[in-house]
Amino acid sequence: MAIHKPPGTQDLLPGTVEKWQLVERKARDLCRRYNYKEIRTPIFEATELFERGVGETTDIVEKEMYTFTDRGDRSMTLRPEGTAGVVRSYIENKLFGAPDIVKLYYMGPMFRYERAQAGRYRQFHQFGVEAIGADDPALDAEVIALGYRFFQEIGLSGVVVEINSVGTPAIRQSFRAELLAFLEPMRETLCKDCQSRINRNPLRVLDCKHDQDKFEAAPSILDHLDEACRHHFERVRDYLEDMDIPYTVNSRLVRGLDYYTHTAFEYKAQGIGSIDTIGGGGRYNGLVAEVGGDDRPGVGLGIGLERALLLLEKQQVALELETGTDVYLIGFGDAAVRALPGIAQRLRASGVAAELDYQGRKPKALFKAAERSGAKYALILGEDELSRGEIGMKNLATGEQTQVPMDDLVSTVRRHLAESIDEQ
């Protein structure tokens, strides 16, 4: 029996992976401009990190984690999200000793065992940022703006930002009784997940994707905010308006993780099925202390790259991909063919993408291979050219061909490639 990829995973093949590389490059450049530095944490961590950091009553911890016992009899979990690992690293590596706030970004695979659907896989990829060390609402706005700018720069349209304040643990506790009174009469009409959440974490019922139509008259946590929380939320809104970031307030937005305080936000877009959220985040004051460090305020976001790429496809966004080679080398005669690998190496060492035939194909097939490779030029070497120290250079778009001295080949190819870029 043939071995297949695990359910809920995908192979990213040539032709597709270039789109990923483009999106990743844009994310990295954006983080450079916002002064976020890359961090790479392990793909698996101690299970306790996610139980304490993400929250034991979340769907992630209760139902979705890939957990295993290693040979040292330790419980380990493939990371289901990025923030907890970054916070653990922040504490363990004493990054809190820096005089400035710590601004980090990450990209990589996450793992959740859930039903695969449009843009959602069991192994998926996230781009995320974390800013730790300041309680300034301007930092909340900066993180939201960075995510919104990311969607703009990859070419997506129709992305909207929804924001809310989930207050503090004390405020949520005071809101709990009013929310329970609203939810209890409809308990039996809610989905099974919501029925189990009501008593343990009723605020998370509002995050349900199935029963949103039942919560339109739900009490608003915004009515329970104290003066400090109200002020923080108002300032976030002021900064977003200063930055020209369009947003709407959604008082039922709570996100699916327990560590959020104050600001919570999501990016939404139509076109990828019933799940329209393509990213989100919020402030997590208290998480650093929960994971085991001295308390430091923080705020961050996570963006699902599969969903972003699926939306790019749905919106038929034309991406400027770096594909194909620059030149394709063709030789006629044993001595000419023997010389091609050395010539290709010189070109590659100078930054030119070069390809040649390794299958002994005939001339007609060689020119077809050159066209398939996406090469801009074919470099043609025969016995006569070899004896004269020259090589033919053919523009595959126009058919124009010239002879180039071998000693000038690298500089000539680079000049022609630069001119073709300028013409574009």
Side-chain angles (χ1 to χ4, degrees), residues 24-42 45 49 52-54 79 81-108 126-153 161 163 165-168 228-229 231-245 247 255 257 259-265 267 279-303:
E24 290 165 356
R25 282 196 303 273
K26 288 185 177 293
R28 293 180 190 282
D29 181 64
L30 191 64
C31 288
R32 176 190 62 81
R33 285 180 269 151
Y34 281 75
N35 196 33
Y36 286 74
K37 311 299 184 184
E38 185 175 8
I39 184 171
R40 303 187 186 190
T41 61
E45 300 262 11
L49 171 65
R52 291 170 60 181
V54 176
R79 62 186 184 195
E81 58 92 52
T83 301
V86 171
V87 169
R88 189 271 311 150
S89 180
Y90 171 85
I91 297 167
E92 186 171 349
N93 294 288
K94 298 180 173 58
L95 300 183
F96 49 79
D100 303 313
I101 65 170
V102 176
K103 299 168 70 173
L104 305 167
Y105 79 90
Y106 60 85
M107 275 187 286
Q126 276 192 347
F127 157 52
V129 306
E130 314 291 348
I132 306 174
D135 202 22
D136 190 339
L139 195 56
D140 304 40
E142 175 183 281
V143 168
I144 295 171
L146 187 155
Y148 185 74
R149 186 65 198 167
F150 168 76
F151 292 121
Q152 286 186 308
E153 296 206 355
V161 179
I163 65 172
S165 175
V166 295
T168 63
C229 289
H231 178 71
H232 187 100
F233 192 48
E234 288 170 0
R235 292 299 300 275
V236 171
R237 296 177 63 179
D238 290 340
Y239 285 124
L240 291 177
E241 290 165 10
D242 291 344
M243 296 174 176
D244 294 323
I245 305 296
Y247 70 88
R255 302 287 293 150
L257 302 105
Y259 50 62
Y260 288 117
T261 59
H262 294 292
T263 310
F265 62 90
Y267 307 98
R283 179 163 284 282
Y284 46 80
N285 298 354
L287 178 60
V288 176
E290 182 65 34
V291 173
D294 293 335
D295 195 19
R296 296 288 194 283
V299 59
L301 67 79
I303 291 172

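Heads up: numbering here begins at 1 and tracks the sequence.
Using a 4.5 Å heavy-atom threshold, the side chains of Cys229 and His262 count as touching. In this structure the side chain of Val143 never reaches within 4.5 angstrom of the side chain of Tyr34, judged on heavy atoms. Ser89 has its side chain within reach of Ile39: a pair of non-hydrogen atoms, C-beta onward, lies under 4.5 Å apart. Within the 4.5 Å cutoff, the side chain of Leu287 has no heavy atoms near those of the Tyr260 side chain. In this structure, Ile303 and Gln126 have side chains that are not in contact, with every pair of non-hydrogen atoms separated by 4.5 Å or more. A 4.5 Å side-chain heavy-atom check between Ile91 and Val291 finds at least one atom pair inside the cut-off. Under the 4.5 Å side-chain criterion, counting only non-hydrogen atoms from C-beta, Leu139 is in contact with Ile101. Between Phe127 and Cys31 the shortest side-chain heavy-atom distance falls below 4.5 Å.
Side-chain rings of Tyr267 and Tyr148 stay apart, their centers remaining 6.0 Å or farther from each other.
When atom types are taken as modelled, the side chain of Thr261 and the backbone of Asn285 share a donor-acceptor pair closer than 3.5 angstrom. Side-chain N or O atoms of Glu81 include one that pairs as donor or acceptor with a backbone N or O of Ala84 at under 3.5 Å. Using modelled atom types, one side-chain atom of Asp136 and one backbone atom of Ala138 make a donor-acceptor pair closer than 3.5 Å.
A donor-acceptor pair shorter than 3.5 Å cannot be found between the side chains of Tyr105 and Glu130. Side-chain contact annotation: Glu142 with Tyr239, donor-acceptor N/O pair under 3.5 Å absent.
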Under the side chain to side chain contact (heavy atoms under 4.5 Å, CB included) rule, what do Val129 and Val299 come out as? Steps first, then yes or no, please. CA-CA 8 Å; Val129 306; Val299 59; over 6 Å; no
In sequence, state the C-alpha distance, the side-chain angles, and the governing distance for Tyr284 and Val87, and then conclude on side chain to side chain contact (heavy atoms under 4.5 Å, CB included). CA-CA 11 Å; Tyr284 46 80; Val87 169; 4.3 Å; yes
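Qualifying salt bridge (Lys or Arg N to Asp or Glu O under 4.0 Å) partners for Arg283, counting only residues two or more places apart in sequence or in other chains: Asp135, Asp140. Residues that satisfy the side-chain hydrogen bond (donor to acceptor under 3.5 Å, both in side chains) test with Thr168, not counting sequence neighbours, are absent from this structure. Scored by the side-chain hydrogen bond (donor to acceptor under 3.5 Å, both in side chains) test, Gln152 finds Arg149 as partners (sequence neighbours excluded). Not counting sequence neighbours, the partners of Arg88 by the side-chain hydrogen bond (donor to acceptor under 3.5 Å, both in side chains) test are Glu45, Glu92. For the side-chain hydrogen bond (donor to acceptor under 3.5 Å, both in side chains) test, no residue two or more places apart in sequence or in another chain qualifies with Glu234.
Nearest heavy atoms, Ile163 versus Arg237: CD1-CG, 3.8 Å. Minimum interatomic distance between Gly292 and Arg52 (heavy atoms only, all atoms of both residues): N-NH2, 3.9 Å. The shortest heavy-atom contact between Val236 and Ala141 is O-CB, 4.3 Å. Contact detail for Ala131 and Tyr36: the closest heavy-atom pair is CB-OH, 3.8 Å. Taking each heavy atom of Pro137 and Arg235 in turn, the nearest pair found is CG-CB, 3.5 Å.
Note: Phe265 CZ to Ile144 CD1 = 5.0 Å, rounded to the nearest 0.5 Å. Between the CZ atom of Phe151 and the NZ atom of Lys26 there is a distance of 14.0 Å, given to the nearest 0.5 Å.
For residues 28-38, the pairs satisfying salt bridge (charged side-chain N to carboxylate O under 4.0 Å, His left out) are Arg28-Glu38, Asp29-Arg32, Asp29-Arg33, Arg33-Glu153, Glu38-Arg40, with sequence neighbours left out.
Atom CG of Asp294 is surrounded by 12 or fewer heavy atoms from other residues, nucleotides or ligands within 6.0 Å.
Classified by interplanar angle (parallel below 30°, tilted 30° to 60°, perpendicular above 60°), the ring pair Phe96/Tyr90 is perpendicular.
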